[in-house]
Structures are given as C-alpha cells and as structure tokens.
Amino acid sequence: MKTLQAGRIVQALDSFRIELPSWGFSNTGTRFGKYLQPAAATTIDEKFSDAQQVHQLTGVCPTLALHVLWDLPGGLHDVDRIVSLAAKHGVQPGSINPNLFEDQMYKFGSFGNPDRTVREHALQHTRDSVAIARRLNSRDIVLWFADGSNYPGTANIRHRKQWFEENLRALHTDVDARQRLLVEYKPFEPAFYHTDIADWGMALAFARSAGPHARVLVDTGHHYQSQNIEQLVAWLLAEGMLGGFHFNDRRYADDDLTLGSIDPYQVFRIFHEILLFEWESGTRADIAYMIDQSHNLKGKIEAMIQTVMQAQELFAKASLVEYETLASAQGRCQLVEAESVLRDAFSTDVRPVIQEWRTARGLPSDPLEAFRQSGYLEQITADRRGRSSATSSYA
Ligand code: AFD
Ligand code: MN
Ligand code: MN
C-alpha cells in the first residue's frame with residue numbers, strides 16, 4: 001500500500017468515533033421470545049462496564065446512548081448516578097432516547113394519539129428527556145416513534161401529522177443552542193398499515209417544522225427493500241439536515257443485524273458520500289455515528305466489538321477514494337473508470353494499516369481476540385448468572 005494511502009486511513013481512523021447503545025448489552029428478544037444470555041447486563045452499571053470493555057479494546061467508543069425509562073427509571077433523580085458511573089467506567093453519556101412505545105397509554109400512539117391527554121403526556125416525557133440530556137451534557141435527543149396504524153380507515157393521517165408538528169415545535173422550544181433533536185424514521189413495524197414518520201422525507205419535513213436544532217437520524221435498517229440509502233444521505237448532507245446514524249444491517253426488515261454483515265458495499269457507499277461531501281465542502285460533517293443493535297443470538301459484547309471493527313474498516317476503505325480521478329472520470333462520462341475508482345478503494349485490504357494504527361495507540365491489534373483472551377466474559381457470566389430475566393422487550 002502506498003504511503004499516501006496509509007496516511008489517509010490513519011487520518012480517517014483518528015477522526016472516527018462511534019457511540020454504543022446501552023440496550024445492546026442487555027437481554028432482548030423478538031416478538032417470538034427471548035434467548036437469555038447469562039452474561040447480559042441487567043443494570044445500568046453493568047451496561048457501562050460492558051461499554052468500557054468495548055471502548056478500552058477499540059479506543060473509539062467514548063459515549064453510551066441511554067434509554068430514559070430503562071437506564072434512568074427515576075428520570076432526573078438518576079442523573080447523578082449516571083454521572084458517577086460515567087466517571088467510574090470512562091464512558092460518557094451519549095444520546096438520550098425517550099421511550100414512547102412501551103407504556104400502555106401509547107396503544108394508539110404517542111405524539112399521534114387522538115387523545116390530547118396522551119399527546120401531552122408524551123410531550124412531557126420528551127421534555128423530561130431534554131432536561132436529562134442537558135444535565136448530562138448530552139447533545140442529542142433521539143426521537144423514534146412507533147406511532148401508526150394497522151388498518152386503513154382507523155387513523156386520520158393528516159390530523160396525526162399536525163399533532164406531531166405541534167408537539168415537535170413545542171419540544172423544540174426546550175432545546176438549548178448546544179442540543180439537537182434527531183428525528184428518526186421507520187417505514188413499518190410495529191405499525192403495519194401506516195407509520196407516522198415512515199421515511200426520510202417525512203422526518204425532514206418534521207425536523208424543518210420543529211426548528212433550527214432538529215435534524216434527521218438515518219437508521220440503516222429502516223428502509224424498504226433495495227432503497228438507495230446513500231442517495232438520501234447525499235440529499236440530507238446537501239440540505240444540511242443529516243444529524244446522524246443508527247447503524248445495523250438488514251436482509252428483509254428492521255432486523256438489527258451486524259453492520260455490513262449483509263451489504264458491506266452499501267455501508268462503504270454511505271461513508272463515501274459523507275467523505276466526498278467533506279472533501280468538496282472543506283468542512284467536517286457534524287454527524288453522530290451510533291450503533292443500534294441488540295443481538296438475540298450473538299454474544300452481546302463480541303457482536304458490539306465486531307460492529308465497531310467493521311465500521312472502522314469500511315470507513316477506512318471509503319477514505320481511499322481518489323476524488324480528483326473520480327471527478328475527472330465523471331466529467332468525461334467514463335463510466336467504468338469512474339466506477340472502478342470506488343471499487344478499487346472498496347477492494348483494498350485496509351486491515352494491516354488498521355492493526356498498525358491500533359498498536360501505535362497502545363490498543364490490541366485484534367480487539368475481538370483480545371476480548372476473548374481477557375477473561376471478562378467468563379467473569380461476568382459467573383457474576384450475573386441467573387439474574388437475566390425476560391423483563392422488557394428491549395431492556
Ligand atoms: C428499535 C427501533 C428504533 C429505535 C431503537 C432504540 O426500531 O430503531 O431507534 O429501537 O429505541 O430498534
Ligand atoms: Mn434506531
Ligand atoms: Mn430499529
């Protein structure tokens with residue numbers, strides 16, 4: 001590999017950070033049941049401890065996304081505990097995720113519920129979440145709604161749109177200059193006829209309507225089959241409205257599979273659009289890279305390390321695209337030449353340089369192998385055995 005290429009990989013790796021999800025360390029399941037893992041985290045302390053392992057072994061996961069009802073059941077009263085856990089484990093609180101889908105009152109929706117009192121309750125929960133974020137110095141509040149309907153004729157789609165706009169605008173007045181509302185979209189599940197924020201266009205419209213501190217969050221598992229995700233990423237970048245990602249992969253639906261396990265080239269193309277935008281604009285895109293996975297079958301920590309390593313590898317590959325060569329070939333409509341610029345970068349084995357990058361920073365060259373050798377899994381399995389319970393669908 002040429003020295004210049006290695007230098008670009010090092011620069012890319014130095015800039016790349018990815019957030020861990022607290023819910024990725026605890027037992028979860030599908031609607032058909034859960035396979036309990038004895039080593040799964042059952043407390044927020046254990047979630048921080050597991051996140052610490054991943055960060056110490058990879059060096060690029062300094063923050064942990066928190067789910068308000070699961071990680072701060074006491075709301076603002078739990079903030080001091082989170083602060084002390086963050087100091088103890090060396091991982092800071094990351095994005096704050098309100099829970100607008102588990103409470104029985106949300107049966108017919110949260111922000112989109114026809115009952116004004118439910119909408120007001122949901123708004124208050126998100127306001128509490130903004131306050132928690134401010135106390136924790138967390139910038140992003142991630143808004144994902146399960147709201148929708150299962151049958152034609154059971155919901156007034158335009159009324160629900162208006163109720164969302166009203167609540168999002170009201171919530172936005174609570175957000176201070178340092179914070180952001182990230183509006184996430186998902187085409188279906190759990191609603192199967194319509195979802196109130198079903199695609200990136202609806203999320204974009206809601207974010208714009210809410211106010212200047214709202215952006216769109218792209219969950220890579222939340223798209224229809226064969227949707228061109230990098231195209232909408234390029235649009236959101238051009239519009240200055242891309243807030244961040246929830247990374248996972250999908251084969252059929254919102255499967256929360258390991259990033260890049262099904263289509264690594266798509267993840268590379270997403271990273272390419274971002275890095276090309278940064279090269280052309282001469283600016284750093286202000287994007288929150290976050291993992292959203294909670295494996296039912298893979299080992300929780302092993303799968304998290306695997307995702308981080310995959311993300312680094314694909315980001316490093318994307319950093320090798322020769323932009324001048326690409327622009328020239330595109331300008332001359334030399335299709336094979338232009339396509340080959342991307343394919344050459346994607347085909348480059350960047351792992352040796354990544355291993356050197358890790359070693360040079362005092363990190364294990366193979367974080368997965370280091371984790372397997374560390375004895376941490378055996379230790380927590382013994383400590384936690386019997387405590388995992390089929391509590392919540394996600395917690
Ligand atoms: C589920 C939802 C959505 C949300 C995540 C965390 O589909 O992706 O961001 O839970 O709340 O995966
Ligand atoms: Mn998500
Ligand atoms: Mn999801």
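Counting begins at 1 with the first residue of the sequence. Each ligand, and each atom within it, is numbered from 1 in the order the structure gives.
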V142 contact mode with ligand 1 (heavy-atom cut-off under 4.0 Å): neither
Set of residues satisfying salt bridge (charged side-chain N to carboxylate O under 4.0 Å, His left out) with respect to E46, sequence neighbours excluded: R384, R387
Subset of ligand 1 atoms that lie under 4.0 Å from at least one heavy atom of H67: 6 (C), 11 (O)
Proximity of E189 to ligand 1 by residue part, where a heavy atom lies under 4.0 Å: neither
The Mn ion (ligand 3) - name of the N/O/S atom of D254 that sits closest to it: OD2
Under 4.0 Å to a heavy atom of D219 - the qualifying atoms of ligand 1, by number: 8 (O)
Qualifying residues under side-chain contact (heavy atoms from CB on, under 4.5 Å), relative to D80, sequence neighbours excluded: R135
Distance filter under 4.0 Å to H222 heavy atoms, resulting ligand 1 atoms: 3 (C), 7 (O), 8 (O)
Electrostatic pair D196-K161, nearest N-O below 4.0 angstrom: no
Check ion pair E273-R269 (N to O, under 4.0 angstrom): no
Proximity to ligand 1 by part of D254, non-hydrogen separation under 4.0 Å: side chain
Electrostatic pair D140-R215, nearest N-O below 4.0 angstrom: no
Heavy-atom pair of closest approach, residues A51 and L64: CB-CD1, 3.9 Å
Residues D286 and R139 bridged, charged N to O under 4.0 Å: yes
Protein N, O or S atoms under 2.8 Å from the Mn ion (ligand 2): 4
Whether E278 side chain and A285 backbone form a donor-acceptor pair below 3.5 Å: yes
Residue portion contacting ligand 1 (non-hydrogen atoms closer than 4.0 Å) for D256: side chain
Of all pairs that satisfy salt bridge (Lys or Arg N to Asp or Glu O under 4.0 Å), the ones with a partner from residues 295-312, not counting sequence neighbours: E302-R372
Salt-bridge present (E322, R8; N to O < 4.0 Å): yes
